[in-house]
Structure formats: structure tokens, C-alpha cells
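First the structure, in the form of C-alpha cells, and then the observations on it.
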Number of protein chains: 2
Amino acid sequence: MYDGPNIVPIAALIGDQARASMLTALMSGEALTATELAAEANITKQTASGHLAKLREAGLIVVASQGRHRYFRLANKDVADLLETLMGVAERTGSRRVIPGPKDAQLRKARVCYDHLAGEMGVELFDSLQKRQLILLAKDDSELQLTSSGRKFFNGLEITPNLPASSRRPLCRVCLDWSVRRHHLAGAYGAALLEHCFSKKWAKRVEGSRVVQFSKRGELQFRSELIN
Amino acid sequence: MYDGPNIVPIAALIGDQARASMLTALMSGEALTATELAAEANITKQTASGHLAKLREAGLIVVASQGRHRYFRLANKDVADLLETLMGVAERTGSRRVIPGPKDAQLRKARVCYDHLAGEMGVELFDSLQKRQLILLAKDDSELQLTSSGRKFFNGLEITPNLPASSRRPLCRVCLDWSVRRHHLAGAYGAALLEHCFSKKWAKRVEGSRVVQFSKRGELQFRSELIN
DNA sequence: ATAAAGGTTCGGCTAAGATCGAACTATGTA
DNA sequence: TACATAGTTCGATCTTAGCCGAACCTTTAT
């Protein structure tokens with residue numbers, strides 16, 4: 001007797017720190033190998049392998065074999081949307097990740113938060129966008145709107161999120177940074193902006209960490225083009 | 001060190017059968033007591049009490065005390081949206097609830113599936129709506145659209161989902177019934193339709209089960225008004 | 001005042017599952 | 001061929017958390 005979709009196994013899969021880390025690492029859309037994902041989740045590759053098999057069996061991720069590598073990615077945009085929705089609820093209920101670690105100056109400056117830019121540069125960018133009224137934050141911080149001039153601004157720079165029409169991912173979302181009350185930009189445009197930084201070669205990700213490393217020239221161009 | 005919202009505890013809470021049952025029972029928007037929720041999840045009230053405390057602490061539900069009763073409901077529309085999104089992913093990945101139980105004729109005929117109508121009457125309604133092109137199902141079953149004539153039809157009957165503007169709950173969704181390939185209507189309009197049946201006194205829910213019991217007259221009116 | 005019903009707290013039992021070491025397969029490289 | 005690297009499978013360990021019985025608190029009914 002079947003009666004409706006069963007949300008339990010799906011939620012249970014995401015409700016594990018290691019698997020959630022791997023899934024969110026995949027939110028950038030990039031396909032990653034099992035070893036990379038193991039490092040991302042701070043577990044051994046055996047454990048990762050087991051988790052990935054479960055995620056695959058549940059249809060949350062898909063795998064493509066290439067030589068001796070196996071590249072994993074999210075199965076579809078639905079799954080990314082689900083993760084995004086979860087982040088939204090977690091954000092509003094005040095549940096945040098607490099990561100005990102060295103107060104790395106690089107991490108403070110610029111790092112990846114899921115698939116968008118966080119750290120001082122992320123906050124700086126957010127403040128500037130808000131000041132120029134390219135984005136509009138509701139009074140209760142619940143919603144972030146892209147204004148029409150904001151849309152023009154991004155279009156002019158050819159920064160456009162590539163979303164299927166069916167996607168329900170919000171274009172802009174706020175995401176709270178370490179120091180409470182400092183926001184940075186999440187959502188589809190947040191992801192597109194970080195992608196822009198990578199494709200313009202302003203910055204690159206440091207292997208095995210969340211650090212986003214801007215070159216001297218990249219940082220200057222980032223500021224002149226985006227911060228104003 | 002804070003770094004982004006933590007989706008793990010939220011997902012883990014939903015990833016338990018008992019808690020998920022209680023949460024989905026609350027999706028109707030109705031506030032329920034701890035004892036009712038315990039029955040819904042087939043657990044003792046002690047266990048339910050523990051679960052409800054956790055859900056409350058996580059901000060997924062809120063409680064209102066009234067005399068010796070404590071009424072629980074979902075904290076906000078975000079949570080309902082999250083559950084709906086989860087249902088969507090579960091639906092597409094083919095994960096369904098398998099409920100071993102008696103092949104109750106009443107259950108087969110009409111029952112609640114989350115917050116909408118399932119069973120033969122649900123399927124019948126869906127087929128009729130589709131035949132009259134009031135709803136439009138995409139070829140791959142992925143999306144269900146309400147047509148403009150469909151909207152007019154529902155408006156004429158004063159069946160309108162009451163959703164806040166911020167809600168991202170889809171107006172119409174398909175939900176698979178026991179016998180595969182038979183759909184019924186889920187989503188905001190699915191919920192509104194069931195609510196309509198209750199408020200018109202066509203049917204009532206049978207305490208402690210998923211059965212929706214239509215009166216003779218109720219069923220006739222249901223057919224003449226909705227099925228055509 | 002006594003009883004009954006709605007809820008919560010506590011303690012112990014139990015099962016599920018996350019983890020890793022070790023051994024194994026398969027692909028690519030020197 | 002030998003060796004290194006990517007990944008999986010198996011078995012054992014150990015922690016987590018769901019569950020219920022029993023006792024308790026609180027509000028309503030008799």
C-alpha cells in the first residue's frame with residue numbers, strides 16, 4: 001500500500017554532518033571526486049564511499065565514471081533547491097554552524113560559504129550593493145530583493161545566474177557572517193558572483209579549504225568593478 | 001566561529017518517522033494536541049512529548065497552551081514550504097511510504113494524504129480536472145499547471161488557497177496514489193479543495209485514521225460541483 | 001476532595017548506524 | 001613489471017537516540 005511520498009529517508013540522509021557537508025560542497029554545481037568529498041567532510045574515504053553510495057541510491061546525487069575517477073554531482077536542481085530551502089529555515093531558526101578552528105586571516109578575508117562569497121570581502125560587497133540600492137533588505141531581514149537598477153547592474157557585467165525556469169531558488173538571499181549583524185549575499189546571484197570572480201581569474205579556491213584567494217590584481221579589479 | 005546556517009539538525013529532526021508524521025499532520029495548518037499527534041505517529045505520549053520538545057526547541061513548531069491542552073502547529077510557512085519541497089524530491093526519487101495495513105475499503109475510497117484528498121475520489125477528481133483542461137500535466141509528470149480556465153473555475157467556487165505572498169508553495173502538484181500512474185492533486189489548491197469539502201460539510205475526518213468520510217449527500221454534491 | 005485526563009520527566013533497554021582499520025579491485029604511471 | 005592512486009567491501013567497535021514503563025505535575029470534571 002503506497003500513500004504519498006516518504007520524506008523520512010531523504011531528510012535522514014541530509015541530517016548527518018558528513019553527508020550534509022558533501023552535499024553542500026556539491027551545491028556549486030561542480031562535480032567532485034570521492035576523495036575530495038571525503039576531505040570536505042573530514043572523514044576517511046571508506047566512510048565517504050559508504051555515504052556516497054547511500055546518497056546515490058536515494059537519487060540525491062549521480063555519478064559519472066571517468067578513468068579511475070568517479071565524479072559525483074547533485075542529481076538535479078530539485079535537490080539544490082531543497083538544500084537552499086533548508087538553509088533558509090536553518091538561518092531563520094538561528095541554527096548556525098559552529099566550526100572550532102584557527103582564526104585564519106585568509107579565511108576571515110574571503111572564503112566560500114556553500115556556493116557564494118563570505119568573509120570581509122563578501123560583507124564589503126554586500127554593504128556596497130545595499131548602499132547603492134542595488135539590493136533591498138526588508139526590515140525584518142527576512143527577504144532580500146534585487147532592485148531593477150540592481151538587475152541592470154548585473155546584466156551590464158554579464159553576471160546572470162543560470163537557473164532553469166522551474167527553479168525556485170531565490171535570486172538573492174542574505175546569509176549571516178561570523179560577526180552577527182553582518183550579512184553577505186547568498187542565493188542565485190550570490191553564486192553567480194563568486195563564479196564571476198573565478199572565471200575572471202580574480203581569485204581561486206585553495207585546495208582542501210574554504211579559502212578564496214584573490215590575487216593583488218584580482219582584488220583591485222573586484223573592488224573597481226563591483227564595490228565602486 | 002560561525003559559518004553559515006547549519007542544515008544538519010533541521011534535517012535530522014525531519015528524518016525520523018515519528019517526527020515526520022507529526023509534522024506532516026500539522027501541514028493542514030490545524031493546531032493539534034500532543035495526544036492527537038502521538039496517535040498520528042503511533043507512539044506513546046511520553047515519546048511524542050519528547051519529540052515535540054525537540055521540534056519546538058529547533059523552532060520548527062510553536063505551542064499555545066489553553067487550559068490543560070497544548071496546541072502545536074508549524075512555526076511558519078517556511079517550514080511548510082520545506083516539507084512540501086521535501087515531498088517533491090521524495091516523489092521524484094521514487095521514495096514512497098509503504099504502509100502495511102488492512103485494505104480498508106473506506107481508506108481506498110477517500111483519505112487524507114498529508115493535507116489533501118487521496119483515494120478513488122481524489123483520483124477521480126484529478127482525472128476530471130485534467131480532462132476539462134483545468135489543470136495541465138507536463139509530459140514528464142514533473143510539473144502541474146493550473147490553467148486560466150482552471151483558476152476561473154476555482155474562483156467561481158470560492159476555492160482559493162490562502163497563502164502569504166512570500167510562500168513558495170506550488171499551487172498545484174501531483175501526488176502518486178497507491179496504484180502507480182494514478183495521480184491526485186496536491187499543492188496549495190489540493191489543500192484548499194479538501195478544506196472546501198470539510199467546510200461545506202460534505203465530509204469529515206474520522207478520528208485517529210486517515211479516512212475521509214463523505215456523507216451520501218456530500219458525495220453527490222462533491223460530484224455535481226467538482227467532477228462535472 | 002477525589003478522580004480523571006493531558007503532558008512531562010526520568011531511567012534503562014535496545015537498535016541503528018557512523019566510523020575506521022584492513023584487505024581488496026581497478027586504473028593509470030614509471 | 002612494479003608501484004602508486006582512486007575507490008569499494010567487510011568486520012568490529014562504539015556512540016547516539018528512539019522507545020516505553022513508571023512516577024510525577026497540572027488542570028478540569030464530579
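Just so we're on the same page: letters track the sequence lines, and every chain starts at 1. What you are looking at is a predicted structure, and each value in this text was computed from that prediction instead of being measured.
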Between [X] ([atom1]) and [N] ([atom2]), how many Å, whole number?
{"X": "B:E57", "N": "D:dA17", "atom1": "CD", "atom2": "P", "answer": "13 Å"}
{"X": "B:I43", "N": "C:dG6", "atom1": "CD1", "atom2": "P", "answer": "16 Å"}
{"X": "B:N42", "N": "D:dC20", "atom1": "CG", "atom2": "C1'", "answer": "15 Å"}
{"X": "B:H69", "N": "C:dT8", "atom1": "NE2", "atom2": "C1'", "answer": "16 Å"}
{"X": "B:L32", "N": "C:dG6", "atom1": "CG", "atom2": "P", "answer": "14 Å"}
{"X": "B:R19", "N": "D:dG18", "atom1": "CZ", "atom2": "C1'", "answer": "8 Å"}
{"X": "A:M22", "N": "D:dG7", "atom1": "CE", "atom2": "P", "answer": "12 Å"}

**Request:** Measure from the side chain of A:D16, starting at C-beta and using heavy atoms only, and say which of C:dG7, C:dT19, D:dC19 lies closest.
**Result:** C:dT19

**Donor-acceptor contact present, side-chain A:D78 to main-chain A:D81, <3.5 Å** =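 Judged by distance alone, no pair lies under 3.5 Å.
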
Please state whether the phosphate of [N], meaning OP1 or OP2, lies under 4.0 angstrom from any side-chain nitrogen or oxygen of [X].
{"X": "A:T35", "N": "D:dT5", "answer": "no"}
{"X": "B:R70", "N": "C:dT8", "answer": "yes"}
{"X": "A:T44", "N": "C:dT19", "answer": "no"}

**Request:** Would you sort out whether A:N6 and B:Q17 count as a side-chain contact (heavy atoms from CB on, under 4.5 Å), showing the intermediate values?
**Result:** CA-CA 9 Å; A:N6 187 4; B:Q17 184 60 60; 4.1 Å; yes

Residues 46-54 of chain A, side-chain donor-acceptor partners within the protein, below 3.5 Å, at least two apart:
unit_1: A:Q46; atom_1: OE1; unit_2: A:T44; atom_2: OG1; d: 3.1
unit_1: A:T47; atom_1: OG1; unit_2: A:T44; atom_2: OG1; d: 3.1
unit_1: A:H51; atom_1: ND1; unit_2: A:R19; atom_2: NH1; d: 3.1

**Asked** To the nearest 0.5 Å, what is the distance between CG (B:L125) and NE2 (B:H184)?
**Response**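 Reported to 0.5 Å precision, the distance equals 10.5 Å.
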
**Message:** Using 0.5 Å steps for rounding, measure from the CZ atom of A:F222 to the CZ atom of A:F214.
**Reply:**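 Rounded to the nearest 0.5 Å, the CZ-CZ separation comes to 5.0 Å.
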
**Prompt:** Going by heavy atoms closer than 4.0 Å, what residues in residues 45-55 of chain B are next to DNA chain D?
**Reply:** B:Q46, B:T47, B:H51, B:K54

**Request:** Take B:V8 and A:I14 through the side-chain contact (heavy atoms from CB on, under 4.5 Å) test and state the conclusion after the steps.
**Result:** CA-CA 7 Å; B:V8 173; A:I14 305 176; over 6 Å; no

**Request:** Please lay out, stage by stage, how B:F72 and B:L32 fare under the test side-chain contact (heavy atoms from CB on, under 4.5 Å).
**Result:** CA-CA 5 Å; B:F72 295 88; B:L32 300 172; 5.8 Å; no

